[in-house]
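This report refers to the structure that appears directly beneath it.
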Amino acid sequence: MGYKTRDWRNSMRVTLDYNNMTDKFLGDKGFTEKKLSSYASKANAAFKYVKENRGKDELYMGWTELPYNQKEIVADILQTAKSVRKKFQYFVVLGIGGSALGPIMAFNALCHLHYNDLPKSKRKGPKFYVEDNVDPVRMRDLLDVIEPEKTCFNVVSKSGATSETMTQYLIILDLLTKAGVNVKDNVIFTTDEKKGNLKKISDECGGIKSYILPDGVGGRFSQLCPVGLLPAAVLGIDIVGLLAGAAYMDSICNKPAMRHNPALMSAVLQIAAMEEGKNIGVMMPYSDNLKFLADWYCQLWAESLGKNETLDGKPCNVGQTPVKSLGVTDQHSQVQLYTEGPFDKVVTFLSLKKYGCEMPIPHGCENIPDVAFLGGHTMEELIQAENAATAYALTKAGRMNYTLWIPELNAFTLGQLLFLFELQTAYAGAMLNINTFNQPGVEEGKKATFALLGKAGYAAKKEELDSLPAKDEKCII
Ligand code: PA5
């Protein structure tokens with residue numbers, strides 16, 4: 001990839017087009033210049049907060065430095081990936097949440113959409129699976145299609161205490177042991193350097209190959225560390241290009257003025273829209289490759305911004321519900337609602353200027369005008385026209401929408417998108433004056449699960465659950 005030349009980098013720049021958020025296009029439903037300008041000082045303060053706290057592990061802001069501080073780790077990962085590709089037929093990531101959505105997203109974005117169905121000669125690496133659930137049927141079905149002794153299992157967990165991931169690990173451990181395989185030969189951990197159960201397990205087994213999930217990097221901000229880089233490298237994805245793209249976007253966003261900083265402007269647009277009751281943020285890529293980027297983004301935005309307390313301890317209930325939608329597929333499902341339903345959404349389009357191929361549409365059915373007009377165009381033209389038409393229809397209906405333009409999809413542009421969304425989330429959290437990097441709201445459910453399964457130390461929680469009133473039969477119909 002030519003990311004070393006400035007011209008190439010600039011030709012690959014991801015840009016933000018927010019015309020369809022303004023009164024020029026939306027009339028009285030859009031933002032005036034004056035309204036947007038009223039956010040300038042708030043935006044400036046958010047920029048300053050993020051800049052001043054960059055790299056601080058104690059604030060979970062270590063992710064800002066990932067594009068710059070991993071030279072040796074990247075070299076090690078590339079080496080490991082090479083031997084994994086040589087030795088194994090299958091690569092399975094065991095993880096959940098931030099430990100899984102990144103690998104799924106990069107796999108889908110940059111690999112063949114039917115990668116696992118390709119013959120071995122056409123794949124760059126082993127067959128690839130990410131198990132991010134504890135549905136027993138899914139585990140059974142995975143075991144039907146892999147051969148454990150020919151599989152490299154990448155167990156990804158910062159804490160090593162996540163029930164879902166550790167359940168999967170126990171199943172795999174049992175299978176490998178029964179097959180007479182030394183766990184060390186088929187397992188790689190990605191985990192906290194010092195704390196956590198995977199560290200203990202590794203020590204007990206005499207040292208399982210382990211990559212570090214750095215202290216100051218939370219799960220949902222971890223795609224650009226070994227969590228995402230190892231699976232990506234095994235798939236033959238250009239991880240150096242991914243990090244170069246992130247660094248490039250970081251440099252673009254190193255500007256305090258929101259009108260020159262796409263991540264800051266994007267955060268301002270969302271916050272301003274939220275303040276006007278747009279509590280739903282639709283992420284709508286017009287690309288099957290980016291379908292799971294929308295999933296990854298949904299976790300980042302929801303878990304980071306959905307909070308009930310400000311940094312100074314005041315109660316609040318903030319956040320915007322992210323919704324994933326796929327163009328053009330969801331034009332035939334969701335777009336009716338987006339166009340005519342409540343004025344409670346902002347749609348972000350992820351639009352490709354150039355697809356991986358054009359796919360010409362042959363001429364045919366010449367006596368049927370409804371069909372014949374398609375002949376001679378390409379599928380690329382069709383999907384781009386439908387994207388433009390949906391943006392037009394939403395705008396005409398007074399619906400806020402904006403577009404991130406992607407010159408083409410590659411590791412460099414994907415790296416830009418990831419960093420842009422991470423910065424946007426950090427800026428938005430700073431504007432909301434909340435802790436963007438914790439997730440206390442998921443703890444209660446975890447504790448209740450522990451109690452239900454009899455984990456030591458959760459007897460009081462079990463009692464609390466047992467003391468709930470009995471279900472009223474009247475309410476079960
Ligand atoms: O974003 C997060 O922090 C979470 O989604 C975690 O990644 C997820 O809960 C898994 O945690 P762990 O890596 O400790 O297994």
Side-chain angles (χ1 to χ4, degrees), residues 57-64 66 92-106 130-135 139 153-173 187-202 208 210-232 292-307 319 322 324 418-419 421-426 428-429 434-450 453 455:
D57 285 352
E58 64 279 21
L59 293 179
Y60 273 91
M61 284 193 61
W63 56 272
T64 58
L66 294 174
V92 177
V93 176
L94 306 180
I96 198 160
S99 300
L101 289 163
I104 296 171
M105 173 271 298
V130 181
E131 292 305 291
D132 65 342
N133 205 347
V134 282
D135 182 329
M139 183 52 98
F153 296 96
N154 182 201
V155 186
V156 186
S157 179
K158 194 175 179 74
S159 60
T162 304
S163 304
E164 295 86 348
T165 309
M166 296 318 290
T167 296
Q168 294 166 345
Y169 175 68
L170 288 174
I171 291 171
I172 295 312
L173 176 66
V187 170
I188 300 175
F189 287 163
T190 306
T191 191
D192 194 273
E193 187 179 14
K194 300 178 204 96
K195 308 182 290 250
N197 295 320
L198 292 188
K199 172 81 182 109
K200 282 186 216 150
I201 295 170
S202 166
I208 290 179
S210 298
Y211 284 100
I212 293 166
L213 209 169
D215 259 358
V217 178
R220 56 192 176 275
F221 287 83
S222 67
Q223 168 57 23
L224 295 171
C225 81
V227 170
L229 296 182
L230 175 65
F292 291 94
L293 179 68
D295 263 359
W296 173 86
Y297 169 82
C298 284
Q299 188 213 13
L300 183 71
W301 197 242
E303 217 168 64
S304 300
L305 302 188
K307 299 288 153 68
K324 57 181 175 172
L418 299 183
F419 215 76
F421 287 134
E422 290 178 349
L423 280 174
Q424 172 190 319
T425 305
I434 49 151
N435 185 339
T436 311
F437 306 103
N438 65 0
Q439 53 283 326
V442 299
E443 290 308 312
E444 191 57 29
K446 280 191 197 169
K447 286 181 199 152
T449 307
F450 294 155
L453 292 183
K455 183 172 174 181

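Keep in mind that the numbers below use all heavy atoms, side chains included, and drop hydrogens, waters and symmetry copies. Order of appearance sets the numbers: ligands from 1, and atoms from 1 within every ligand. This is a predicted model, so every value here is computed, not measured.
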Relative to the heavy atoms of [X], which atoms of ligand 1 are at a distance of less than 4.0 Å?
{"X": "I96", "result": "7 (O), 8 (C), 10 (C)"}
{"X": "S159", "result": "12 (P), 14 (O), 15 (O)"}
{"X": "G97", "result": "5 (O)"}
{"X": "S157", "result": "12 (P), 13 (O), 14 (O), 15 (O)"}
{"X": "G219", "result": "1 (O), 2 (C), 3 (O), 7 (O)"}
{"X": "Q439", "result": "3 (O)"}

Would you say T165 and ligand 1 have an N/O pair spaced under 3.5 Å apart? no

If you measure every N/O of K446 against every N/O of ligand 1, is any gap under 3.5 Å?
no

Tell me if the centroids of the rings in F421 and F221 come within less than 6.0 Å of each other. no

Residues K324 and A294: closest non-hydrogen pair is CB-CB, 3.7 Å

Heavy atoms of V187 and I208 approach each other most closely as O-CG2, 3.4 Å

| message | Can you confirm whether more than 12 heavy atoms, excluding those of Y60, are under 6.0 Å from its OH atom? | response | no

Write out the residue and atom name of the closest protein heavy atom to [atom], then the distance separating them to 0.1 Å.
{"atom": "atom 13 (O) of ligand 1", "value": "K158 N, 2.8 Å"}
{"atom": "atom 2 (C) of ligand 1", "value": "E303 OE1, 3.3 Å"}
{"atom": "atom 5 (O) of ligand 1", "value": "Q299 NE2, 2.7 Å"}
{"atom": "atom 6 (C) of ligand 1", "value": "G98 N, 3.9 Å"}
{"atom": "atom 11 (O) of ligand 1", "value": "T162 OG1, 3.5 Å"}

Side chain to side chain contact (heavy atoms under 4.5 Å, CB included) with S222: of V156, L66, V217, L101, only one passes, and it is V217

[X] side chain to [Y] main-chain N or O, any donor-acceptor pair under 3.5 Å?
{"X": "T191", "Y": "K158", "value": "yes"}
{"X": "T162", "Y": "E164", "value": "no"}
{"X": "S202", "Y": "K200", "value": "no"}

| message | Is a donor from one side chain sitting under 3.5 angstrom from an acceptor on the other, for N154 and T190? | response | yes

- Heavy-atom gap E164 to ligand 1 smaller than 4.0 Å: no

